[in-house]
Amino acid sequence: MYYLAQANIARFKASLDNPLMKEFTDFLEPVNKLAEESEGFIWRLTDTDGKSASYIESPFKDELMAINVSVWEDYDSLSNFVYSSVHSYFLRNKKKWFDLGGHSQFIMWWIPVEETPTLEMVKKKLLHHEKHGDTPSVFSIKEMFDTQGNSIKK
C-alpha cells in the first residue's frame with residue numbers, strides 16, 4: 001500500500017519575523033492544525049518543537065527558501081485540503097509572502113505506507129523533477145501517475 005507524499009518549495013519575500021510576513025506567520029499554526037485534522041492526512045514535516053517546517057533550516061543554502069512536506073492517503077485528500085479549505089486563501093494570495101519570480105516547485109510521489117520522507121529524499125526528488133520533469137517517480141499536477149506508474153488525468 002502507498003501514500004502520496006508532497007513537497008513544495010518557494011522563496012519568502014522576507015524573514016518570518018519581518019512585519020511583511022505577519023499574516024502568514026499568524027496563520028501557520030491554525031492552518032497546519034487544520035491539515036492535521038483533515039481527512040486523509042498522515043504526516044507533515046515539523047521542526048524539533050513541532051512547529052511549521054517553515055522554521056526548519058533550508059537544505060538549499062538559502063535562509064528564505066521555505067520547504068513544506070506532507071503525506072496524504074491520496075490525491076483527493078490533499079486536494080480537498082489545499083483547494084477547499086482556508087489554505088486556498090493563502091495559495092491565492094501567495095504573492096504577498098513569496099517571491100513568485102524566484103524558484104518554486106511543487107512535486108508529489110508515492111511512498112510505501114511505512115516510509116517517511118526525509119529532507120535528503122525531498123531534495124533528490126526536487127532535483128530529479130527539475131532535470132527530467134514529470135515521471136512516475138516524481139510528478140506535478142500537470143501529469144500525475146498512479147502507484148503503478150501509469151499516467152492519470154485529474
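Below, all heavy atoms of this structure are taken into account, side chains as well, without hydrogens, waters or symmetry copies. The residues of the chain are indexed from 1 along the displayed sequence.
Scanning for ring-ring contact (aromatic ring centres under 6.0 Å, His included) contacts around F98 gives F12, F24, with sequence neighbours left out. Taking F90 as the reference, F27, W97 meet the ring-ring contact (aromatic ring centres under 6.0 Å, His included) condition, with sequence neighbours excluded.
For E29, the CD atom sits in a loose shell: 12 or fewer heavy atoms of surrounding residues, nucleotides or ligands are nearer than 6.0 Å. Annotation: K96, atom NZ; neighbour count of heavy atoms from other residues, nucleotides and ligands within 6.0 Å is above 12. Within a 6.0 Å sphere centred on CD of E63, heavy atoms belonging to other residues, nucleotides or ligands number 12 at most. The environment of CD in E114 is crowded: more than 12 heavy-atom neighbours from other residues, nucleotides or ligands sit within 6.0 Å.
When all heavy atoms are compared, the tightest approach of I111 to P117 is CD1-CD, 4.0 Å. Heavy-atom minimum distance, D47 versus D49: OD1-N, 2.9 Å. Here the closest non-hydrogen pair linking L100 and K94 is CD2-CG, 3.9 Å. Smallest separation of non-hydrogen atoms from L20 and K13: CD2-CB, 3.8 Å. In terms of heavy atoms, L4 sits closest to D74 at CD2-C, 4.0 Å. Nearest heavy-atom pair, R11 versus M65, reported as atom, atom and distance to 0.1 Å: N-SD, 3.9 Å.
Looking at K142 and D134, no side-chain N of the basic residue comes within less than 4.0 Å of a carboxylate O on the acidic one, giving no salt bridge.
Proximity of a side-chain donor or acceptor of K125 to a complementary backbone N or O of S137 within less than 3.5 Å is detected. A donor-acceptor contact shorter than 3.5 Å links the side chain of D146 to the backbone of N150. A side-chain donor-acceptor contact under 3.5 Å links T25 to the backbone of M21. Without hydrogens or angle criteria, N68 side chain to N8 main chain gives no donor-acceptor distance under 3.5 Å. Side chain of S38 to backbone of L34: a donor-acceptor contact under 3.5 angstrom is found.
How far CD1 of I42 is from OH of Y3: 4.0 Å, rounded to the nearest 0.5 Å. Atom CH2 of W110 sits about 10.5 Å away from atom CD of Q148, to the nearest 0.5 Å. With values rounded to the nearest 0.5 angstrom, E73 atom CD is found 12.0 Å from L78 atom CG. Distance check: M108 CE to S140 OG gives 6.5 Å after rounding to the nearest 0.5 Å. Here CZ of F41 is found 15.0 Å from CG of N80. Values are rounded to the nearest 0.5 Å.
Taking the six-membered ring for Trp and the full ring otherwise, the centers of F81 and W72 sit less than 6.0 Å from each other.
Using a 4.5 Å cut-off on side-chain heavy atoms (C-beta onward), L28 and Y55 make contact. The closest side-chain heavy-atom distance from M121 to V69 is not below 4.5 Å. Inter-residue side-chain proximity for I67 and I9 is flagged as met; some heavy-atom pair is nearer than 4.5 Å. In this structure the side chain of K124 never reaches within 4.5 angstrom of the side chain of H128, judged on heavy atoms. Residues V86 and V31 have side chains in contact (heavy-atom distance under 4.5 Å, counting atoms from C-beta outward). For the pair L45 and L119, the minimum side-chain heavy-atom distance is below 4.5 Å. Looking at S70 and W43, their side chains never come closer than 4.5 Å, going by heavy atoms from C-beta outward.
At a cut-off of 3.5 Å, with distance as the only test, no side-chain donor of E39 or S77 sits close to an acceptor on the other residue.
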- [ ] For ring-ring contact (aromatic ring centres under 6.0 Å, His included), just list the numbers for F139 and W109, CA-CA rounded to whole Å, side-chain angles, deciding distance to a tenth of an Å, and then say yes or no.
- [x] CA-CA 6 Å; F139 48 90; W109 69 98; 8.8 Å; no
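Using a 4.5 Å cut-off between side-chain heavy atoms of Ile, Leu, Val, Met, Phe, Trp and Tyr, with links allowed through other members, L127 and V122 fall into different hydrophobic clusters.
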